Amino acid sequence: MTTDASLSPANLLARLRETSPLVQCITNYVAMNFAANTLLAAGASPAMVHAPEESGEFAALAGALTVNIGTLSSEWVDGMKAAAQSANQAQKPWVLDPVAHFATAFRRDTTADLLKLRPTIIRGNASEIIALAGGQSAGQGVDSGDPVELAEDAACSLAQTQNAVVAVTGAVDFVTDGTRSVRIAGGSPLMPKITAMGCSLTALVGAFVAIAPDAPFEATIAALASFAAAGSHAAPNANGPGTFMMHFIDALYALSPETLNTNARIEILS
Ligand SMILES: Nc1ncnc2c1ncn2[C@@H]1O[C@H](COP(=O)(O)OP(=O)(O)OP(=O)(O)O)[C@@H](O)[C@H]1O
Ligand SMILES: Cc1ncsc1CCO
Ligand SMILES: [Mg+2]
């Protein structure tokens, strides 16, 4: 892994706070509000812009684009494709979150089309990443049915075939660019009990890659480490999923680069 200190999670978080990058999020109806609040708490500037009439125009202006297929319709798919094409043309990074892409033909076809538009980063749960690499996953819908360890090989092969950074999230996250890989521990078992945590993390990955477009691997690690740290800090104050949500946003807002530096539990594998 890189030893470039300027790309450490702490430094990237400090830079994110200084520059407040504009992030275009095309995400699902369930996630929109929580994802936007997540970006604001972290210090970025979210814009939920999905209409095909404007999504491409906006992608050229934003620092990065994130595309999440959680609640699809034909019109939204047109908006996603226009935005991804425009991001590519403007050389802006973009992140794909293939929510339950294996569940229906519409999701499968849309995901195949979006993969052809070469996302910079792909973030999903273990079942989504296993299925994306062509394997048999235990996932049924938007929640994972597989542990992250089972998806690590799939993530590496997907990273190589797609020439993308791939992040698999769960109890211990895994990130690879096909050559380098790390595991990130932390967070809380309450996190999968709140809908759209993963979708919001995808939005935050977009914020970090907006400020480090040439370092998508390090940007992804910084986003995941920030979530792990905020989740660990929020959990002791929570009585259950409802109060955890509130404390999580507060913990992300309060997270300092110094705390992230000391608390990040990143294991370098290669
Ligand atoms: N058991 C767990 N312990 C600690 N952290 C977890 C656990 N499960 C998930 N997380 C964390 O929750 C966040 C979301 O990951 P998850 O894999 O649940 O996303 P997802 O399934 O795509 O979620 P959604 O589709 O509901 O948005 C990540 O930061 C991940 O590290
Ligand atoms: C519950 C749900 N359904 C479609 S998207 C979504 C948010 C979590 O992925
Ligand atoms: Mg998800």
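Excluded from the calculations below are hydrogen atoms, water molecules and symmetry mates; all remaining heavy atoms, backbone and side chain alike, are included. For ligands, and for the atoms within them, numbers begin at 1 and follow the listed sequence. Bear in mind that the values here come from a model prediction, so they are computed numbers and not experimental data.
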Are [X] and [Y] linked by a side-chain donor-acceptor pair shorter than 3.5 Å?
| X | Y | answer |
| --- | --- | --- |
| Thr66 | Thr202 | no |
| His233 | Asn263 | yes |
| Ser270 | Arg180 | no |
| Asp4 | Ser6 | yes |

Which of the numbered atoms in ligand 2 are below 4.0 angstrom from a heavy atom of [X]?
| X | result |
| --- | --- |
| Thr195 | 1 (C), 7 (C), 8 (C) |
| Cys199 | 8 (C), 9 (O) |
| Val99 | 9 (O) |
| Asn28 | 5 (S), 7 (C) |

Closest non-hydrogen protein atom to atom 4 (C) of ligand 2, residue and atom name please, with distance?
->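 The closest heavy atom on the protein side is Gly70 O, 3.4 Å.
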In the protein, which heavy atom is nearest to atom 3 (N) of ligand 2, and how far is it?
->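 Heavy-atom neighbour on the protein nearest atom 3 (N) of ligand 2: Val142 CG1, 3.8 Å.
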For atom 2 (C) of ligand 2, state which one of Ile69, Leu72, Val30 supplies the nearest heavy atom.
->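 Minimum heavy-atom distance to atom 2 (C) of ligand 2 goes to Val30.
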Salt-bridge test for Glu128 and Arg123: reply yes if a basic N is under 4.0 Å from a carboxylate O, no otherwise.
->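 No, no charged N to carboxylate O under 4.0 Å.
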Dump the intermediate steps for salt bridge (Lys or Arg N to Asp or Glu O under 4.0 Å) on Asp113 and Lys81, then the final yes or no.
-> CA-CA 8 Å; Asp113 288 349; Lys81 290 180 183 168; 3.0 Å; yes
What ring-ring contact (aromatic ring centres under 6.0 Å, His included) pairs are there with at least one residue in residues 16-45, not counting sequence neighbours?
->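 Listed by first then second residue: Tyr29-Trp76.
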Least distance between heavy atoms, Ser55 atom then Ile26 atom |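 Shortest heavy-atom contact: CB-CD1, 4.4 Å.
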Output the set of protein residues with a heavy-atom contact under 4.0 Å to ligand 1, ordered first by chain identifier and then by residue number.
->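 Ligand 1 pocket, heavy atoms under 4.0 Å: Arg123, Asn125, Val142, Thr169, Gly170, Ala171, Asp173, Gly186, Gly187, Ser188, Pro189, Met191, Pro192, Ala196, Met197, Gly198, Cys199, Leu201, Phe227.
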For His247 and Asn237, indicate whether the former's side chain and the latter's backbone hold a donor-acceptor pair under 3.5 Å.
->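 Yes.
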